[in-house]
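Each remark here refers to the structure printed beneath this line.
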Amino acid sequence: MALKILAADDPITVDRITVCLYGDPGVGKTTLAFTADKPLLLDFDQGAHRAANRRDTVRVTSWADVDGMTLDDLAPYNTVIVDTVGRMLDALAADIIAKDAKMGRGGVLSQQGWGRLKARFVAWAKMLNASGKDVILIAHGTEKQDGENVIARLDVQGGSKDEIYKSADAMGRVYIRNGKRVLNFDPTESAFGKNPAGFGLIEIPTPITPDFMATIIADTKAALNRQTEEQREAAKRLDDWREVVEQLETAEDFNARLEEIKTQPKAVQQMFANAAKAKGYVYDRNSGRYEAA
């Protein structure tokens with residue numbers, strides 16, 4: 001099968017993303033997630049009843065409840081919520097041990113079992129991605145003392161937290177600040193975060209608006225697509241200038257383009273300078289012109 005190669009100026013459209021929300025129990029993560037577009041909650045934590053704005057829910061008691069989930073099951077929904085991803089991994093670990101006793105003992109995974117857990121989680125995440133739905137992964141937060149600093153982390157077992165971090169396009173922490181609930185996507189020295197849309201600290205309204213997370217997700221997609229478009233335009237500009245620079249031969253040819261090149265991005269300026277050097281010309285700072293070396 002031939003490779004499907006995207007040219008540098010071909011657009012890459014982001015039409016689905018994975019968002020991770022984490023924070024202390026009871027801070028309202030599930031309520032927040034229910035404001036996404038047409039959500040379906042996979043309730044591994046058995047806490048959906050505590051959300052005031054509960055939407056369609058699957059109460060998961062074991063991995064078998066979701067193991068046979070199909071794309072047809074997800075068809076009516078635009079967002080799949082996993083609550084919590086830590087409990088989901090617990091259910092998956094129990095299923096792994098039940099099917100192969102060598103993978104663990106007494107409910108605890110062996111080293112080989114941890115590898116199996118990671119592989120099955122990645123495969124399941126890919127299935128959700130293939131559904132074309134947005135995914136919200138909810139996780140409890142945990143705090144770790146590091147010297148004088150308190151570090152907020154995901155309360156997720158083993159190396160799976162790394163897979164969650166890698167799979168998330170955006171990651172935000174939900175917490176209380178000055179008596180108000182806030183959502184912070186910025187990574188800091190004391191907390192995980194991913195903020196491709198460049199959000200500031202977001203105050204969560206009370207009562208929460210019904211499309212709060214739907215708007216956050218839409219804005220994140222728009223920012224990612226805008227970045228892609230900017231990259232496409234930058235690549236095209238570089239290619240256009242490459243064609244121009246390839247025609248320059250003499251020092252005067254390069255000097256004639258100097259004023260124009262000063263207005264271009266650094267990548268274009270660097271390419272121009274490298275081409276002049278390759279032709280045997282050096283830039284004289286006193287005269288502000290290229291001369292023969």
Gap between atom NZ of Lys279 and atom OG1 of Thr250 - 0.5 Å precision: 10.0 Å
Can you list, pair by pair, the side-chain donor-acceptor contacts under 3.5 Å of residues 195-218, counting residues two or more places apart and other chains?
from   : atom 1 : to     : atom 2 : distance (Å)
Asn195 : OD1    : Gly198 : N      : 3.1
Asn195 : OD1    : Phe199 : N      : 2.9
Asn195 : ND2    : Asp186 : OD1    : 2.7
Asn195 : ND2    : Phe199 : O      : 2.8
Thr215 : OG1    : Asp211 : O      : 3.0

Asp95 side chain vs Ala91 backbone, donor-acceptor pair below 3.5 Å: no
Connected via hydrophobic side-chain network under 4.5 Å: Val27 and Val182: no
Residues joined to Ile261 in its hydrophobic cluster, side chain to side chain under 4.5 Å directly or through other members, sorted by chain and number, are Leu238, Trp241, Val244, Val245, Leu248, Phe254, Leu258, Val268, Met271, Phe272, Tyr281, Tyr283, Tyr290
With a 4.5 Å limit on heavy-atom distance, are the side chains of Ile96 and Leu117 in contact? yes
Donor-acceptor under 3.5 Å (Lys29 side chain, Ile138 main chain): no
When you compare the side chain of Arg59 with that of His49, does any pair of heavy atoms fall below 4.5 Å? yes
Value for CG (Asp219) from CG (Leu224), rounded to nearest 0.5 Å, stands at 11.0 Å
Look at the side-chain heavy atoms of Ile, Leu, Val, Met, Phe, Trp and Tyr, link any pair under 4.5 Å apart, and say whether Met171 and Tyr175 land in one connected group. no
If we only count heavy atoms from C-beta on, is the Ile17 to Val19 side-chain gap below 4.5 Å? yes
Where Pro39 and Phe34 come nearest, the two heavy atoms and their spacing: CG-O, 3.6 Å
Donor-acceptor pair, distance only, cut-off 3.5 Å: does the side chain of Glu259 make one with the backbone of Ala256? no
Just by modelled atom types, is the Ser287 backbone N or O under 3.5 Å from a matching donor or acceptor in the Asp284 side chain? yes
Does Arg54 reach the side chain of Thr30, with side-chain heavy atoms less than 4.5 Å apart? no
Is the backbone of Ile97 close enough, under 3.5 Å, to the side chain of Asp100 for a donor and an acceptor to pair up by distance? no
How close do Val85 and Ala139 get, counting heavy atoms only, and between which atoms? CG1-CB, 3.8 Å
For residues 66-85, which residue pairs pass the salt bridge (Lys or Arg N to Asp or Glu O under 4.0 Å) check, not counting sequence neighbours? Asp67-Lys99
With side-chain contact (heavy atoms from CB on, under 4.5 Å) as the test, pick out the partner of Lys133 among Asp37, Leu74, Thr79. Leu74
Can you tell me how far apart NE2 (His140) and OG1 (Thr142) are? Round to the nearest 0.5 Å. 11.0 Å
Using a strict threshold of under 4.0 Å (side-chain N to carboxylate O), is an ion pair present between Arg237 and Asp240? no
Run the numbers on Tyr22 and Val174 for side chain to side chain contact (heavy atoms under 4.5 Å, CB included), then give the verdict. CA-CA 6 Å; Tyr22 73 102; Val174 185; over 6 Å; no
Residue pair Ser110 / Lys102, side-chain heavy-atom distance below 4.5 Å: no
What's the separation between atom CD1 in Ile136 and atom CG in Asp134, rounded to the nearest 0.5 Å? 7.5 Å
Whether Thr57 side chain and Arg55 backbone form a donor-acceptor pair below 3.5 Å: yes
Report the C-alpha distance between Arg87 and Gln46 in whole Å, list the side-chain angles of each, state the deciding distance to 0.1 Å, and finish with yes or no for side chain to side chain contact (heavy atoms under 4.5 Å, CB included). CA-CA 9 Å; Arg87 293 295 188 190; Gln46 302 293 303; over 6 Å; no
Quick one: does any side-chain atom of Gln269 pair with a main-chain N or O of Gln264 as donor and acceptor, under 3.5 Å? yes
Any side-chain donor-acceptor pair under 3.5 Å between Thr18 and Arg16? yes
Aromatic Phe185 / basic Lys194 pairing, under 6.0 angstrom, 45° off normal: no
Do Thr84 and Phe44 come close enough that some side-chain heavy atom pair is under 4.5 Å? no
Run the side chain to side chain contact (heavy atoms under 4.5 Å, CB included) test on Ile81 and Leu42 for me, step by step, so that the C-alpha distance in whole Å, both residues' side-chain angles and the decisive distance to 0.1 Å come before the verdict. CA-CA 6 Å; Ile81 305 167; Leu42 305 181; over 6 Å; no
Write down the atom of Leu137, the atom of Ser167, and the distance for their closest heavy-atom approach. CD1-OG, 4.2 Å
Could you state the interatomic distance from CG (Asn129) to CH2 (Trp124), rounded to the nearest 0.5 Å? 10.5 Å
Side chain to side chain contact (heavy atoms under 4.5 Å, CB included) between Leu92 and Arg120, intermediate numbers included: CA-CA 8 Å; Leu92 181 53; Arg120 286 188 59 179; 3.6 Å; yes
If I take atom CZ from residue Arg242 and atom CD from residue Gln247, how far apart are they, to the nearest 0.5 angstrom? 13.5 Å
